[in-house]
Protein chains: 2
Amino acid sequence: MRASSKKTEVVAKRATIRDVAARAGVSKSLVSLVFSDPAAVSADKKRRVLKAAEDLNFTPNFLARSLATGSGIFVGILVADLHNPLFAEIVDFVRLELEGAGEYGFMTSAMLPGLDGVPRLDSRTVNALIDLRPRSVLVVGSISDLSPLDKIPADVQIVVASAIPSKLKRAISVRTDDSQGMALIVDHLVERGHKNIAHIGGGGGKVSLGRAKAYEDAMNANGLKKYIHIEDADFTEKSGYKAALKMLKGSKRPTAITAANDLVAIGIEDAIKEMGLSNIALTGYDNTYLADIKTISLTSVDQDNAEIAAQAVKWLTGVESIKAGGQFLVQPRLIIRDSSSARY
Amino acid sequence: MRASSKKTEVVAKRATIRDVAARAGVSKSLVSLVFSDPAAVSADKKRRVLKAAEDLNFTPNFLARSLATGSGIFVGILVADLHNPLFAEIVDFVRLELEGAGEYGFMTSAMLPGLDGVPRLDSRTVNALIDLRPRSVLVVGSISDLSPLDKIPADVQIVVASAIPSKLKRAISVRTDDSQGMALIVDHLVERGHKNIAHIGGGGGKVSLGRAKAYEDAMNANGLKKYIHIEDADFTEKSGYKAALKMLKGSKRPTAITAANDLVAIGIEDAIKEMGLSNIALTGYDNTYLADIKTISLTSVDQDNAEIAAQAVKWLTGVESIKAGGQFLVQPRLIIRDSSSARY
DNA sequence: CTGTTAGCGCTTTCAT
DNA sequence: ATGAAAGCGCTAACAG
């Protein structure tokens, strides 16, 4: 039924600048002007063009425009890991923020599952993004090797959010101050009377490593150097679970455990339960929605995603700038929930 | 240091077909041919062109090609909700599958946060996607109104995965058979001795509604019509929590509760805990990684994402076809965990 | 098999 | 202020 058109294939082609020009009785270039530099065209003609565009349901072709201009009018967003709820939140904030600035964020995922389980930056997507000629590029989350992004023209600003840029000197980054975040956590546990506070994390990336280091610093600051105890884990639940089992079976069992992120904390919690232990304080990191689930109720550090997004957008839109390699650290906030209630 | 180029701005512009032609000593069209129809060019010249391309780090411009061809060479992927772990998984499978078929999937998120909290399909992204001229389009997850996609040329197949297409007759869909899924769940609970089995869900979308209906059918099939009890909730944890409180405070408290999805189940669990109840069996749906967290350990229905992805890709690549509005239902699998262990 | 000529839809100079 | 012409990087008929 639907396919039974007359002789003409009625494939609803999008109207072009030419169609609009014809309908409005002006030249193509004038139509183009209306959409790129509206102020430069007479009110009368402008109205007519706009009307015609409206009638024809016309929207400038994104693609053709990028091709012709040599530089697009949108911000390219690359998400590192679709599975991490944290990143989805940041992307939402960024888009809202971008929207407010009258800019447009085009989100793509450049990560390929990867045969070995480790996600890899897909060069085809990177190339596609380059072809699209974004005005700037935002990378959300940790990508182990950002160097493929070096093919992006040098005048296109690359901003990394919630991660430490790896192998890409020109990138600038905005993320939470993990030294402070970890200090908040350790101080909180110390207040609750804990001394023997351990950390599970430090593996699988710069961010993780940074947090482990921050934990050490915080312990030292509290004069608890002798209690420093780190069991290696990356950012996954499974890895937290295994590390926790090992730690809890060891001789100097801690009274409190700090995790590299919420997922790791969940894995630790599983291990604690499985071993029939109780009264061990536990903290997460990132304050994802998981932490807020009542069954889990995890004390965690909030990264202030809104703030991260706001700063990223300032750079992406060129409102603010900073030299290559520069960074901005956002203040974290401690969210206290049940998991850290055990006292000592 | 890096910026101190000589007089020429060394913005690493991507090499064009022209550069390659010059270097290989052939015409532009020949280069083009090598990349579009390699078989049609002599081995010798082909080698030379490929070599030159290699040297220049040349990759055909995605954009220009789409513009010239009128139909791109990639599959556009639109993700409904970045927050739902289920969708990320499906996307991963689809990409892997596409990769295997020698095709390329370009993933974008078309959902804007939405001021009222309800995500909306962003017309700019839809337009951008249309401009890119994908060979076919995959929508992953529920979007309340797909009609903006009707602007996609009629010859571009639109496939919806893990959702029921709304307001878009031309779309075809692949998803799990929820009648079977719910039957598996109800049968399982009946086997454990339960009769008074309730359902929380049914609100906020066709899929949710379908599952509620499937629950009713399964109850009827077990001769448990008089126990049918549905409390309205959408797909969020919060909504499950509220519905559960209401249900559990009511007079005919069930011995088992089936949830519309895992998140809702988690909300229900919170309510159960909060009311100090125990021995109520609980089931989720979707078998997300949340269900597998030991602390949660939720009996759930696995959708077989790999199978969904495989079917979607067959359609997307044109290997198989089906008439507009057609659908394919995948067999679900019950994953039994602790949450349903309560017997009655 | 190879090279030439248009042209995709748009944005520029550059005249008018 | 407006129109004509050239061109972004590529492919698609053509002719050689």
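Throughout, a chain's letter reflects where its sequence line sits, starting with A, and its residues are numbered from 1.
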For a quick test of reading the model: is some side-chain N or O of A:Thr16 closer than 4.0 Å to OP1 or OP2 of C:dG9? no

Hey, can you tell me if A:Phe58 and A:Phe35 have their rings parallel, tilted or perpendicular (30° and 60° cut-offs)? perpendicular

Report the distance from atom CG of B:Leu63 to atom P of C:dT11, rounded to the nearest whole Å. 13 Å

Between C1' of D:dT2 and NZ of A:Lys46, the distance in whole Å: 15 Å

Is the side chain of B:Lys151 donor-acceptor paired with the backbone N or O of B:Asn127 at a distance under 3.5 Å, no angle test? no

To the nearest angstrom, the CG-C1' distance between B:Asp131 and C:dG9 comes to 9 Å

5′-ward residue of the pair B:Lys28/A:Ala64 relative to DNA chain C: B:Lys28

Distance-only, no hydrogens or angles: does the A:Arg170 side chain make a donor-acceptor pair with backbone N or O of A:Val156 under 3.5 Å? yes

Looking only at the side chain of A:Asn61 (C-beta and beyond, no hydrogens), which of the listed nucleotides D:dC10, C:dT2, C:dC10 gets closest? C:dC10

If you look at every strand shown and take non-hydrogen atoms under 4.0 Å, does A:Phe62 touch a base, only sugar-phosphate, or nothing? nothing

Earlier contact from the 5' end, DNA chain D, for A:Leu33 and A:Ala68: A:Leu33

Does a sphere of radius 6.0 Å around NZ in B:Lys28 hold more than 12 heavy atoms from other residues, nucleotides or ligands, not counting ones at 6.0 Å or beyond? no

If I pick the P atom on D:dA6 and the same atom on C:dT5, what distance separates them, to the nearest angstrom? 14 Å

Counting only side-chain nitrogens and oxygens, does A:Arg18 get under 4.0 Å of the OP1 or OP2 atom of C:dC8? yes

Under the 3.5 angstrom rule, does the side chain of B:Lys206 hit a backbone N or O of B:Ser166 as a donor-acceptor pair? no

What is the distance, to the nearest angstrom, from the CG atom on A:Leu132 to the P atom on C:dC10? 15 Å

Nucleotide nearest A:Ile17 (side chain, heavy atoms from C-beta), chosen from C:dC10, D:dC8, C:dG3: C:dC10

Ring geometry between A:Phe74 and A:Phe62 (parallel below 30°, tilted from 30 to 60°, perpendicular above 60°): tilted

Minimum-distance nucleotide (side-chain atoms of A:Arg133 versus D:dC10, C:dG3, D:dG9): D:dG9

Taking only side-chain N and O atoms of A:Ser32, does any of them lie within less than 4.0 angstrom of OP1 or OP2 on C:dT11? yes

Would you mind telling me which of D:dG3, C:dC10, C:dT2 lies closest to the side-chain atoms of A:Leu30? D:dG3

Report yes if a side-chain nitrogen or oxygen of B:Ser42 is closer than 4.0 Å to either non-bridging phosphate oxygen (OP1 or OP2) of C:dT2; otherwise report no. yes

Whole angstrom is fine here: how far is it from CG in A:Asp37 over to P in C:dC10? 17 Å

Rounded to whole angstrom units, what separation is found between the CG atom of A:Leu67 and the P atom of C:dG7? 18 Å

Without decimals, in angstroms, what is the distance between B:Ile73 CD1 and D:dT11 P? 8 Å

Side-chain donor or acceptor of B:Ser29 under 3.5 Å from a matching atom on the base of C:dT4? yes

Please give, in whole Å, the distance from C:dC10 C1' to A:Asp19 CG? 13 Å

Base, sugar-phosphate, or nothing for A:Val31, non-hydrogen atoms under 4.0 angstrom? nothing

